[in-house]
Amino acid sequence: MPGDHRRIRGPEESQPPQLYAADEDEAPAARDPTRLRPVYARAGLLSQAKGSAYLEAGGTKVLCAVSGPRQAEGSERGGGPAGAGGEAPAALRGRLLCDFRRAPFAGRRRRAPPGGGEERELALALQEALEPAVRLGRYPRAQLEVSALLLEDGGSALAAALTAAALALADAGVEMYDLVVGCGLSRTPEPAPTWLLDPTRLEEERAAAGLTVALMPVLNQVAGLLGSGEGGPPESWAEAVRLGLEGCQRLYPVLQQCLVRAARRRGAAAPS
Amino acid sequence: MAPPVRYCIPGERLCNLEEGSPGSGTYTRHGYIFSSLAGCLTKSSENGALPVISVMRETESQLLPDVGTIVTCKVSSINSRFAKVHILYVGSTPLKNSFRGTIRKEDVRATEKDKISLGDAQSNYLLTTAENELGVVVAHSESGVQMVPISWCEMQCPKTHTKEFRKVARVQPEFLQT
């Protein structure tokens, strides 16, 4: 009816809303599949923890702290093989307890702290990768606690946490055979699957498969491997592992400098 | 001017086994010495023998009671078979986290040991006071006053003059601080 003042009428024509939506999810521009994002690493920043490290790679920020060694809980385990030939039973080796936590503001949407199985799986992966590097035989009946806090997830979070945890352990004065360097990879989906080193969060979300490799650079031994996603030919996975190992080796000098700087800072602060 | 300090990180290859012998904070592999800690490299040049290469950290962080070390502990509970203690000091450095230990009845004296049973592996540290210079250093009598040792097996309370049996330690003079 002409002159209808009670209804609010919309425009005569209408367009689809996608025209006006901010296009933030652009397809990532083609990039060199072997590029590593510049890394900022700093050790010895927390005064309360025995050892600590902060690692930033692109948008991923991880803070890791180490405490211990303290008396292992799990008392009075009734005898393993009692002293056969003077060899220390496995119960006398030290233990490494790892904890991986994602801050509620780490991702796009707020996630409440008990993050379910994913955090536990990553904590177990951390422990498996760090154990070969730490000389647990030197800490009998003691346990070392490593806690990693992911402040922002910008891609390859587990790799960054691994590297930060190794730096924190070295900073805490825990005896280690070697550092552990982590590197993340992801494979682009079907048309032309290629493995990308050090993916960003967007690349990880669109990936068909992901892989995290942990390497001990000087000993040249793989400390941990965690992969997930769609299967593929084994050669493709082998190539991914090789790419990851190369990436880890390239990252090593930065971490070396970081630890030397932290040792120098500690030496200057406490003149003995 | 002090010579520039060389810092090293865990896993860094330091030198050949022919050029030095491994000290604390290092490990050997394939004929080379590698560092095991992030700290400063020190070479102690000995006369005749190979220099000992070790990595030092300023704060002595590996403070775990080791076999053969003398520790100072506080008794937390006593049983007819053993006493449970908290290990507070290792040597002369205090521990940040106290460890638990056990002194079994048979380990108190060097003589008159009773038979022990094998196969009881515990995850506590086993301590012994079976030497002359090991044993009780500080004790309080039932009235709460600190007691004075009068012989190797008796201590006397200065207030009530009652004597109580303790295995007293003959502490070496270098450990006593006045």
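Proteins get letters first, then strands, A, B, ... in listed order; numbering begins at 1 in each.
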Not counting sequence neighbours, list each pair that qualifies as a side chain to side chain donor-acceptor pair (under 3.5 Å) and has a residue in residues 8-27 of chain B.
B/Arg6-B/Glu12
Could you have a look at B/Gly39, B/Gly11, B/Ser35, B/Ala38 and say which one has the most heavy-atom pairs with chain A under 4.5 angstrom?
B/Gly11
Are there more than 12 heavy atoms of other residues, nucleotides or ligands under 6.0 Å from atom CD1 of B/Ile150?
yes
Over 12 non-hydrogen atoms of neighbours within 6.0 angstrom of CZ in A/Arg35:
yes
Among pairs that include at least one residue of residues 251-260 of chain A, which meet side chain to side chain donor-acceptor pair (under 3.5 Å), considering only residues two or more places apart or in two chains?
A/Gln257-A/Arg261
Most contacts with chain B, counted as non-hydrogen pairs under 4.5 angstrom, among A/Met216, A/Arg264, A/Arg70
A/Arg264
Could you tell me which portion of A/Leu219 (side chain, backbone, both or neither) has an atom closer than 4.5 angstrom to a non-hydrogen atom of chain B?
side chain
Hey, could you give me the CG/CD1 distance between A/Asp178 and B/Ile9, rounded to the nearest 0.5 Å?
7.5 Å
Using a cut-off of 6.0 Å, state whether more than 12 heavy atoms not belonging to A/Arg101 lie near its atom CZ.
no
Nearest-0.5 Å distance that lies between atom OH in B/Tyr7 and atom CZ in A/Arg265
11.0 Å
For the backbone of A/Met176 and the side chain of B/Ser36, can you confirm whether one donor and one acceptor N or O come within less than 3.5 Å of each other?
yes
What part of A/Arg135 is in contact with chain B, defined as an atom under 4.5 angstrom from a non-hydrogen atom: side chain, backbone, both or neither?
side chain
Any non-hydrogen side-chain atom of A/Leu259 less than 4.5 Å from a side-chain atom of B/Pro10?
yes
